[in-house]
Amino acid sequence: MSVEEETEAICRVCGYDDEVFWEGGWPTAVICPCCGNESDVGDSSVMGLRNYRGYWVRNGARWHSLLEERRQKLQGWDLLQQMANIPPEWR
Ligand SMILES: [Zn+2]
């Protein structure tokens with residue numbers, strides 16, 4: 001698959017996997033309902049997203065969307081399990 005056709009449905013920061021964050025090599029400016037990161041601003045470099053991730057986790061890894069938090073926690077949401085989705089190149 002070429003870079004142009006690639007769709008990334010996993011948040012590079014937290015591993016949330018229910019939105020399209022990058023499409024065809026471009027950020028979609030979607031705000032992650034979990035970590036609140038906007039694809040584009042903080043996650044275009046590994047350094048930037050590691051900073052953001054560190055900051056987010058230090059602050060208790062709080063959900064950006066309370067509605068989504070409730071839905072996910074009913075399904076037994078686990079932060080470490082979700083973070084295991086993060087592709088190796090963005091860890
Ligand atoms: Zn996220």
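For the single chain, residues carry numbers from 1 onward in sequence order. The figures that follow rest on heavy atoms only: side chains count, while hydrogens, waters and symmetry mates do not. In each ligand, atom 1 is the first atom listed, and ligand 1 is the first ligand listed.
- Annotation for C34 and W77: closest pair SG-CZ2, 4.0 Å, computed over non-hydrogen atoms.
- Scored by the side-chain contact (heavy atoms from CB on, under 4.5 Å) test, I31 finds E38, H64 as partners (sequence neighbours excluded).
- Within the 3.5 Å criterion, the main-chain N or O of A29 finds a donor-acceptor partner in the side chain of S39.
- Residue pairs that meet the salt bridge (charged side-chain N to carboxylate O under 4.0 Å, His left out) test with at least one member in residues 7-18, sequence neighbours left out, are E8-R12, D18-R71.
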Report all side-chain donor-acceptor pairs from residues 54-63 shorter than 3.5 Å, counting only partners two or more places apart or in another chain.
residue, atom, partner, partner atom, Å
W56, NE1, R62, O, 2.9
N59, ND2, Y55, O, 2.8

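- Protein contacts to the Zn ion (ligand 1) involving N, O or S atoms at a distance below 2.8 Å are C11 SG, C14 SG, C32 SG, C35 SG.
- With rounding to the nearest 0.5 angstrom, the OH atom of Y16 is 11.5 Å from the CG atom of N85.
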